[in-house]
Number of protein chains: 2
Amino acid sequence: MAKGPTVYHVAERAGVSIATVSFTFRQPEKVKASTREAVLAAAEALGYVPSASARGLARGRTGALGLFAYDYLLDPAHGRREEGLADPDPLSTESLGNEDLRLFPLYVDEVQRGVELECWRRGQALFVGGGNPENNEAVLSDIAGRVDGLAVFPRSVPSEVLARIARRIPVVEVSESELNRDLDHVTVDNASGIRAMTEHLLSEHGMTRLMFLGGMPSSDNDQRLRAFLGTLHDSGLSPANESKYPCGSDEGIAEVVASLCNDGNLPDAIVCATDQDALMVLDSLAAAGISVPTEVAVTGFDGIAAGRVVRPSLTTVRQPMEQMGRTLVRLLLERLDHPEKPPAAVRLPIRLVVRESCGCKAG
Amino acid sequence: MAKGPTVYHVAERAGVSIATVSFTFRQPEKVKASTREAVLAAAEALGYVPSASARGLARGRTGALGLFAYDYLLDPAHGRREEGLADPDPLSTESLGNEDLRLFPLYVDEVQRGVELECWRRGQALFVGGGNPENNEAVLSDIAGRVDGLAVFPRSVPSEVLARIARRIPVVEVSESELNRDLDHVTVDNASGIRAMTEHLLSEHGMTRLMFLGGMPSSDNDQRLRAFLGTLHDSGLSPANESKYPCGSDEGIAEVVASLCNDGNLPDAIVCATDQDALMVLDSLAAAGISVPTEVAVTGFDGIAAGRVVRPSLTTVRQPMEQMGRTLVRLLLERLDHPEKPPAAVRLPIRLVVRESCGCKAG
DNA sequence: TTGTTGAATCAAAGCGCTTAGATATTGGGC
DNA sequence: GCCCAATATCTAAGCGCTTTGATTCAACAA
């Protein structure tokens with residue numbers, strides 16, 4: 001545990017200069033084979049591990065990328081299950097509570113997984129930082145000092161902080177926010193996703209009374225709502241109920257659903273801004289004894305795993321989450337190579353995924 | 001994107017020495033309030049972000065921890081689903097194939113999550129490195145050079161490589177391997193877990209013909225097998241069939257189950273080394289038309305999410321995975337404070353989780 | 001006034017590596 | 001045997017920060 005050996009020790013032991021040691025690791029082809037072996041042997045014998053700090057300082061690059069994986073479930077708006085040994089019972093797929101949701105990878109988790117896999121595939125070092133509501137900014141600064149490029153989720157960081165960091169290293173944002181226009185973005189075509197969904201409900205199911213529900217305020221959700229209203233309008237329809245967006249919190253959704261049930265004027269379908277919202281809606285409807293899709297259809301957006309498991313399974317628009325994570329990494333690396341390229345917004349394809357909750361397949 | 005401002009720029013702008021700039025960030029109380037504000041203002045104006053490389057080099061510590069999150073599913077022994085937009089169908093909980101497994105957080109994912117949450121809670125920086133079968137060792141060295149302490153999963157790194165790294169920084173291993181005795185460990189009581197499970201099957205269900213199946217070779221699995229045999233022995237029983245452990249791969253398990261079915265001599269219960277093995281067994285039994293738990297009981301070990309969802313839901317021994325991840329972090333930080341403490345092995349409590357697959361609850 | 005003390009600031013020496021440019025070595029070709 | 005080009009190695013100057021010990025300064029007691 002004593003301070004580890006350095007290039008100096010290795011150089012001395014191998015009888016070469018420290019430059020040769022460095023070359024041996026960084027540009028082996030510049031070093032004569034016999035020398036190289038001597039150096040490697042010395043390194044091995046001493047247990048030499050190069051210091052990334054020193055390398056980073058000398059090179060002006062850390063060689064690592066960062067992901068700021070803000071955990072929305074730690075957000076005050078959401079509850080956070082206390083850790084523990086609970087959850088022994090079989091999971092009722094009839095109704096997934098908010099607690100149960102954490103059992104499945106959520107949107108951000110799947111994107112994160114994509115980032116990880118792509119970094120690992122490339123042998124890229126990856127730093128994952130996590131939000132910590134108290135000192136978000138400090139944490140973020142710290143991360144920014146450790147990496148060559150940073151990927152962030154929308155709404156996780158105030159715009160001005162992001163701008164400051166982006167002065168120093170490339171930043172890629174998931175989704176496309178109207179702020180931060182000078183950053184690279186990875187996004188999906190929210191509008192055509194919701195449009196496809198809405199048209200499916202209108203033409204395949206002959207529904208006419210649709211409403212839109214849910215979604216924290218974000219430009220993705222803006223786009224989804226707008227596309228929903230636009231599609232209805234194109235068919236000469238208006239929303240069946242006042243569309244509820246943004247819809248503050250999970251309690252907000254539960255309330256809205258409860259009042260719909262009480263008033264007895266359920267629409268034909270509730271088009272939700274996200275899968276999480278949709279699951280919440282399913283839960284609330286189940287609690288009220290309303291049957292889905294018989295009495296009302298429900299749809300989501302994202303394609304998270306829980307939507308495949310819940311009963312009725314969730315009709316949704318699938319985002320290629322892993323792919324998005326991989327693209328984040330790609331964009332950062334490209335940006336590092338070409339700092340002056342104009343900001344890019346990569347738009348990945350979505351797909352309508354028809355399951356039970358719209359009435360298409362047998363429950 | 002021009003090389004960012006440094007302490008020198010900030011110092012110049014604020015009209016102080018670089019030492020004062022450094023103190024302003026690291027030991028603010030040593031700096032007069034008025035000076036401090038001047039420095040902060042200058043930093044803000046310039047968009048200063050301290051370089052972690054330089055800090056790390058100067059301090060001799062990087063301030064980050066590392067997790068080497070070897071992905072067993074990338075292991076040649078397992079298949080790896082091609083990324084893509086597939087998986088549209090409702091998930092059949094009657095039978096989770098290997099493909100579907102990836103939809104749920106697995107053992108390593110949940111431990112990783114625990115590590116992340118604990119680091120974030122403490123404002124600790126975290127690197128996650130991923131295995132990459134080709135250049136595992138290089139990747140690992142790279143990470144080792146970036147962090148002050150490293151957590152690894154068992155079998156993910158050859159012992160001698162681990163030893164080498166441990167000469168330089170503290171290393172904590174998940175589970176308790178008979179190798180690497182000088183490292184800190186986080187583990188569970190495998191033996192009493194399997195013992196409780198086995199006794200449950202014997203006394204609650206009055207079964208007598210049990211077999212043990214699955215598990216890549218590891219000391220955890222050794223312990224589990226030994227405890228299984230020991231428990232039977234204490235009751236004057238022998239295994240119903242030759243216990244199959246280690247059981248190479250998923251195909252291996254499928255084969256064993258198929259031959260059990262063909263020979264027509266199913267035991268009363270199949271006690272599996274891990275939940276993943278158990279799910280594989282359930283899948284194979286379903287394929288053969290054998291009903292669980294009616295014709296044969298199946299049990300797992302770990303407590304992964306998929307076990308709650310599958311039908312019949314899986315009776316298992318639950319490890320506190322998140323807690324284990326958190327403990328890894330705690331041990332590393334403690335070790336950094338007390339390098340000379342003798343190696344510790346923290347043994348976390350397990351719990352028998354009785355669900356449907358043993359026959360306890362209605363399917 | 002002078003001396004003393006404590007607080008605030010600074011100068012300067014690294015930390016372990018990379019890499020340009022200088023130097024040494026090698027091997028041909030004559 | 002000599003010269004030159006190519007190859008291998010080395011020297012030395014940073015990279016941006018932290019931190020020790022020195023210095024300056026202000027305030028106050030004697």
Side-chain angles (χ1 to χ4, degrees), chain A residues 2-40 42-43 46-64 125 141-142 144-148 168-169, chain B residues 2-40 42-43 46-64 125 141-142 144-148 168-169:
Chain A
K3 295 244 38 160
T6 70
V7 266
Y8 295 97
H9 302 115
V10 177
E12 183 176 3
R13 172 145 185 161
V16 299
S17 77
I18 61 165
T20 301
V21 175
S22 181
F23 285 140
T24 299
F25 287 98
R26 304 300 153 212
Q27 311 172 50
E29 68 286 355
K30 294 193 65 170
V31 177
K32 194 166 50 167
S34 61
T35 317
R36 195 190 315 147
E37 273 151 33
V39 170
L40 289 176
L46 294 171
Y48 171 65
V49 176
S51 149
S53 295
R55 180 178 349 122
L57 182 54
R59 290 229 264 227
R61 281 196 177 193
T62 65
S141 261
D142 182 86
R146 293 177 184 277
V147 300
D148 295 330
R168 199 156 199 266
I169 54 173
Chain B
K3 295 243 38 159
T6 70
V7 268
Y8 294 96
H9 302 114
V10 176
E12 185 177 1
R13 171 143 186 164
V16 299
S17 76
I18 61 166
T20 302
V21 175
S22 181
F23 285 141
T24 299
F25 287 97
R26 306 299 153 212
Q27 310 172 51
E29 69 286 355
K30 294 194 65 170
V31 177
K32 196 168 46 167
S34 61
T35 317
R36 195 192 313 149
E37 273 151 34
V39 171
L40 290 176
L46 295 171
Y48 171 66
V49 177
S51 150
S53 295
R55 185 185 337 129
L57 182 53
R59 289 228 264 229
R61 280 198 178 190
T62 66
S141 263
D142 182 87
R146 294 177 185 278
V147 300
D148 296 330
R168 196 156 201 268
I169 54 173

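Since the structure is predicted, the reported quantities are computational estimates derived from the model, not experimental observations. All chains are named by letter (A, B, ...) in the order of the sequence lines, taking the proteins before the strands, and each is independently numbered beginning at 1.
Within the nucleic acid shown, V31(B) comes within 4.0 Å of sugar-phosphate atoms alone, with no base atom in reach, counting heavy atoms only. Residue-level contact check: V21(B) touches neither bases nor backbone, having no heavy atom under 4.0 Å from any strand.
One finds no side-chain N or O of T35(B) lying less than 4.0 angstrom from the OP1 or OP2 phosphate oxygen of dA8(C). Between S22(B) and the phosphate of dC17(D), there is no side-chain N or O to OP1/OP2 separation shorter than 4.0 Å. Between T20(B) and dC10(C) there is a side-chain N or O to OP1 or OP2 distance below 4.0 Å.
When rounded to the nearest whole Å, the span between CD of Q27(B) and C1' of dA7(C) equals 14 Å. When rounded to the nearest whole Å, the span between CD of E29(A) and C1' of dT9(D) equals 15 Å. For the pair K30(B) NZ and dC10(C) C1', the computed distance is 12 Å after rounding to whole Å.
Atoms CZ and CD1, from F23(A) and I18(A) in turn, are 10.0 Å apart once rounded to the nearest 0.5 Å. Distance check: Q27(A) CD to R36(A) CZ gives 12.0 Å after rounding to the nearest 0.5 Å. The CZ atom of R168(B) sits 6.0 Å away from the OG atom of S51(A) when rounded to the nearest 0.5 Å. In this structure, NZ in K32(B) is found 12.0 Å from OG1 in T24(B), a value given to the nearest 0.5 Å. Interatomic distance, R61(B) CZ to S53(A) OG, rounded to the nearest 0.5 Å: 12.5 Å.
Although no hydrogens or angles enter the test, the distance criterion places no donor-acceptor pair under 3.5 Å between the side chain of R146(B) and the main chain of A52(A).
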**Prompt:** What is the per-nucleotide protein-contact pattern of nucleotides 11-16 of chain C, from the 5' end, where B denotes a base atom under 4.0 Å from a protein heavy atom, S denotes such proximity for sugar-phosphate atoms only, and - denotes neither?
**Reply:** B--BBB
